[in-house]
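Here, residue 1 is the first one in the sequence, and each next residue gets the next number. Both ligands and their constituent atoms are indexed starting at 1 by order of listing.
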Amino acid sequence: MTPTEKIWHNGRFVNWDDAKIHVLSHVVSYGTSVFEGIRCYATPAGPAVFRLPEHVRRMIDSGRIYRMDMGYTREQLMEAMLELVRVNKLRSCYLRPIALRGYGEIGVNPLKNPVDVYIACWEWGKYLGEEALANGVDVCVSSWTRIAPNTLPALAKAGANYMNSQLIKMEALLNGFSEGIALDASGYVSEGSGENIFVVRDGKIHTPPLGASVLPGITRDTVLKLAAERGIPIVETLIPREMLYVADEVFFSGTAAEITPIRSVDRIQVGEGRRGPIAEALQADFFGIIEGTKPDRHGWLTQVHVPQPSGVGD
Ligand code: PPE
């Protein structure tokens, strides 16, 4: 990770190296945090953040589920992120807002500990490797089950959920795969350690419903809308594991992973063993919008509005 100059903390900009917490902060022992991952892209009109209002809304929702009042409105958090990108003078970056229970009391009860909000950003390349977007990745079905309903809420993007994700990811990597797909507590396909999943058969796209312990992905929603626009049938439905083995295409979506094709599952080739036509078409729409070569019909980009240096245009 390449440090940037500033991190936003409770309404103030602090130096990157000064954004520190005490070891007895509630979050360290008990995992008390909610966060987001957001990408800012370099468009021809300048840096623009992809689906910023939706990400901030999900962060506030995550906090609500865990009774964490952030003390900032959606508008304030959005403005803080835009200002942070300007302050750090970045053309493109990944933004990571985090709300955590800080230092005060020790013990499980979080309610006496302050809620601290931080926002960091840095330049972050391709999540599953440069080649993954074009050629696809090799994945496995995890031996770990995704967090079950009524244990940890999957709709919240909470730090603690990622202990489950880490088990999925480590197992996959140590066995020579790029990523693992977790099944839900009933044995249906859920999601990757950090991505939603889509399965194509006979021209129709399937994706697990929110009840299958998935994060309500913003990119997932983007894929649902882009597919509908192209007239590609897309349904949210329970997916049996073996659908992965007989699919024509399988692909991931996520802020970090964007739209990444999957070319094999458990060493069984998916379709032709390379990126399929539906994934390619959706990538073309997605990258077209974020690169500014296709119109932003849905208003998904929020311009950062970098001030022009004085003298330009004189
Ligand atoms: N499921 C999980 C478990 C998940 O972590 C993500 C995002 C998604 C689905 C896709 O959601 P969305 O980004 O809104 O489309 N994972 C973030 C964190 C990755 C990380 O390694 O950290 C991300 O993609 O930014």
Asn15 side chain vs Asp18 backbone, donor-acceptor pair below 3.5 Å: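 Judged by distance alone, no pair lies under 3.5 Å.
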Check: Thr255 main-chain N/O paired with Arg39 side-chain donor or acceptor under 3.5 Å: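 Present.
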Using a 4.0 Å cut-off to any heavy atom of [X], which atoms of ligand 1 qualify?
X: Glu191; value: 1 (N), 2 (C), 3 (C), 9 (C)
X: Gly254; value: 10 (C), 13 (O), 15 (O)
X: Tyr94; value: 17 (C), 18 (C), 23 (C), 25 (O)

Kindly confirm or rule out an N or O of [X] lying under 3.5 angstrom from an N or O of ligand 1.
X: Thr219; value: yes
X: Ala256; value: yes
X: Trp124; value: no
X: Tyr162; value: yes
X: Arg146; value: no
X: Ser165; value: no
X: Gly217; value: no

Is [X] salt-bridged to [Y], cutoff N-O under 4.0 Å?
X: Arg241; Y: Asp266; result: yes
X: Arg51; Y: Asp221; result: yes
X: Glu79; Y: Arg86; result: yes
X: Glu36; Y: Arg96; result: no
X: Lys126; Y: Glu258; result: yes

Tyr41/Tyr94 aromatic ring centres below 6.0 Å: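 Ring centroids of Tyr41 and Tyr94 are no less than 6.0 Å from each other.
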Arg58 and ligand 1 - part of the residue with a heavy-atom distance under 4.0 Å: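 Side chain only.
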Per-residue contact class, Pro216 against ligand 1 - non-hydrogen pairs under 4.0 Å: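 Neither part.
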Just need the protein heavy atom nearest to [atom], so name the residue and atom and give the distance.
atom: atom 19 (C) of ligand 1; answer: Tyr127 OH, 3.4 Å
atom: atom 22 (O) of ligand 1; answer: Arg96 NH2, 3.0 Å
atom: atom 6 (C) of ligand 1; answer: Gly194 O, 3.3 Å
atom: atom 13 (O) of ligand 1; answer: Thr255 OG1, 2.5 Å

Six-ring centre of Phe177, Arg267 cation under 6.0 angstrom, axis tolerance 45°: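 Arg267 over Phe177 ring: yes.
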Parallel, tilted or perpendicular, as decided by the 30° and 60° cut-offs, for the rings of Tyr30 and His26: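 Because their plane-to-plane angle lies in the 30° to 60° range, the rings of His26 and Tyr30 count as tilted.
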